[in-house]
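Here the structure comes first, spelled out in C-alpha cells, and everything after it is commentary.
Residue indices begin at 1 and follow the sequence shown.
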Amino acid sequence: MRFDDYELLVTLDKEKTLRQAAEALYISQPAVSQRLKTIENYWGVQIFIRTKKELIKTSAGEKIIEHAKQIVETELLLKENIHINKHQVEGKLKIGVASLLGYMIMPTLLEKFLKRYPNVDIQLEIGSSSKIIDNVDRYHLAIIRGNKILNLENRLLFTDEHYLVAPKNKSLENEPLIEFQADPWYINQLKQFFEKSFNKPYKPQLYVDQVTTCRELLLKGVGMTVLPTIITNTMDLSKFHTEKVEIDHVPLTRSTYVAYDHQMAELPQVEKFLKLLDEEYK
C-alpha cells in the first residue's frame with residue numbers, strides 16, 4: 001500500500017464519515033469511497049462498517065488502522081526531522097485561520113511570506129474560531145480571535161476595541177440593527193451595550209455570517225452595527241456616526257492570538273512565519 005492509503009485510513013478513523021474525510025483531504029467523496037474499497041480488497045477484510053451516521057471499525061479494521069497510524073506518524077516525523085536537520089525553509093505549512101482574519105490579514109502576510117520562502121507549500125483553512133480550535137491538531141499554526149487555546153503556546157498579535165458604526169445624519173433609533181455570527185459571550189456583550197444605550201430590547205433585524213458583510217452593508221448606507229478596529233481602520237469614518245463600545249465603562253475588546261505546539265516552532269517554515277508575525281505585530 002502507498003503512504004496516502006494509510007493516511008486515508010487514519011483520516012477516516014478520525015473524521016468518522018466519508019464526507020468529512022474527503023473535506024479534510026481535499027478530495028471528492030466518491031474518490032474516498034473507491035480508495036477504501038481498494039484498500040479493503042488489498043487486506044481481504046472489511047475495515048469499516050458503513051452506517052448512516054458514521055463509520056464503525058471492525059475488529060480486523062482496528063488492527064489495520066493501528067498499523068496505519070504507526071506508519072503515518074513515523075513517516076511524518078522522519079520528513080519533519082529531515083527538514084529540521086537541513087535547516088531548509090520548505091515543506092508544508094498548515095494554518096487554520098478565523099474567518100475575519102483570513103479576509104483581513106492573511107493575503108498580505110502570505111504575499112510577504114511566499115516572496116521570502118517560495119518553496120513552502122501552504123495549506124490554509126478558513127473557518128470560525130470555534131471550528132479552528134476544534135480542529136487545531138490539523139495545523140502547524142492556528143490564528144484565532146477571542147480566547148487562548150489551552151495546552152498550546154499562545155502569542156498575542158493585537159487587541160481590537162469596538163465601535164458602534166451607523167450612517168451619519170440618520171436617526172439611530174430607526175436604523176435596523178445588524179448582527180454577525182459570533183460566540184455567545186460576545187453577543188451577550190453587544191446585547192448589554194445596546195439595551196443600555198437605547199433603553200429597549202436588543203432585536204437585530206439583519207443577521208449575516210461575516211463581520212465583513214456588515215461593513216459592506218454600512219458602506220451602502222444600510223443599518224448599524226458594532227465593528228472591531230481591524231474593520232473600522234479600513235473605512236472612512238468621517239462618513240459615519242461612531243461611538244466606542246463600553247460595558248460598565250470598560251471598553252469592549254477582542255484579542256487575536258497565534259497558537260501552536262512549541263515543538264512545531266522547531267520547523268523552519270513555522271519559525272519563519274512566527275518571525276513574520278512578530279515583525280508585523282510588535
Donor-acceptor contact below 3.5 Å, side chain [X] vs main chain [Y]:
X    : Y    : answer
N135 : K131 : yes
D209 : Q181 : no
E40  : I47  : yes
S33  : Q29  : no
H162 : V226 : no
K168 : S238 : yes

Kindly indicate whether the side chain of [X], heavy atoms from C-beta on, has any atom under 4.5 Å from the side chain of [Y].
X    : Y    : value
H241 : L172 : yes
L36  : L9   : yes
I64  : T58  : no
F240 : T232 : no
P251 : E161 : yes
F194 : L164 : yes
R215 : V211 : no
I132 : V97  : no

Nearest 0.5 Å please: distance from the [atom1] atom of [X] over to the [atom2] atom of [Y].
X    : Y    : atom1 : atom2 : result
L55  : T17  : CG    : OG1   : 6.5 Å
D261 : E266 : CG    : CD    : 9.0 Å
K94  : I122 : NZ    : CD1   : 13.5 Å
L190 : I247 : CG    : CD1   : 7.5 Å
H140 : I95  : NE2   : CD1   : 9.5 Å
D4   : R35  : CG    : CZ    : 4.5 Å

> Do the ring planes of F180 and Y186 sit parallel (below 30°), tilted (30 to 60°) or perpendicular (above 60°)?
Replying inline: tilted
> Where does the angle between the aromatic ring planes of F273 and F113 fall among parallel (under 30°), tilted (30 to 60°) and perpendicular (over 60°)?
Replying inline: perpendicular
Determine, using the 4.5 Å side-chain heavy-atom cutoff (strictly less than), whether [X] and [Y] are members of one ILVMFWY cluster.
X    : Y    : answer
I133 : M264 : no
L101 : V136 : no
Y257 : I143 : no
L277 : I149 : no
L152 : V270 : no

>> Evaluate L110 against L124 for side-chain contact (heavy atoms from CB on, under 4.5 Å), listing each step before the verdict.
In response: CA-CA 10 Å; L110 292 180; L124 189 67; 3.9 Å; yes
>> Assess the residue pair I230 and T256 against the criterion (side-chain contact (heavy atoms from CB on, under 4.5 Å)); give the C-alpha distance rounded to whole Å, side-chain angles, the decisive distance to 0.1 Å, and a yes or no.
In response: CA-CA 10 Å; I230 191 175; T256 292; 5.8 Å; no
Considering non-hydrogen atoms only, spot the tightest contact between [X] and [Y] and give its length.
X    : Y    : value
L156 : T159 : CD1-OG1, 3.7 Å
D13  : F48  : N-CZ, 4.0 Å
A24  : E15  : CB-OE2, 4.0 Å
V222 : E175 : C-OE1, 4.3 Å
K170 : G221 : NZ-O, 3.1 Å
T225 : C214 : CG2-CB, 3.8 Å

>> Go through it in stages, so that I can follow the logic: the residues are Y139 and E125, the test is side chain to side chain donor-acceptor pair (under 3.5 Å), and I'd like the CA-CA distance, side-chain angles, deciding distance and then a yes or no.
In response: CA-CA 9 Å; Y139 319 120; E125 184 170 321; 3.0 Å; yes
Does [X] come within less than 4.0 Å of [Y], counting only side-chain N to carboxylate O?
X    : Y    : answer
E280 : K112 : yes
K191 : E179 : no
R116 : E279 : yes
K275 : E271 : no
K220 : E216 : no
R145 : D183 : no

>> My understanding is that only one of V245, D160, T253 makes a side chain to side chain contact (heavy atoms under 4.5 Å, CB included) with P228; could you say which?
In response: D160
So does [X] have more than 12 non-hydrogen atoms from other groups sitting under 6.0 Å from [atom1]?
X    : atom1 : result
N41  : CG    : yes
K14  : NZ    : yes
N199 : CG    : no
D248 : CG    : no

>> For V165 and I231: C-alpha separation, side-chain torsions, deciding distance, then whether side-chain contact (heavy atoms from CB on, under 4.5 Å) applies.
In response: CA-CA 11 Å; V165 183; I231 295 289; over 6 Å; no
>> Under 6.0 Å from the ring centre and within 45 degrees of the ring axis: does the NZ or CZ of K79 meet both conditions for the six-membered ring of F3?
In response: yes
>> Please determine whether side-chain contact (heavy atoms from CB on, under 4.5 Å) holds for the pair R2 and D5, giving the CA-CA distance in whole Å, both sets of side-chain angles, and the decisive distance to 0.1 Å.
In response: CA-CA 5 Å; R2 301 177 306 177; D5 290 329; 3.8 Å; yes
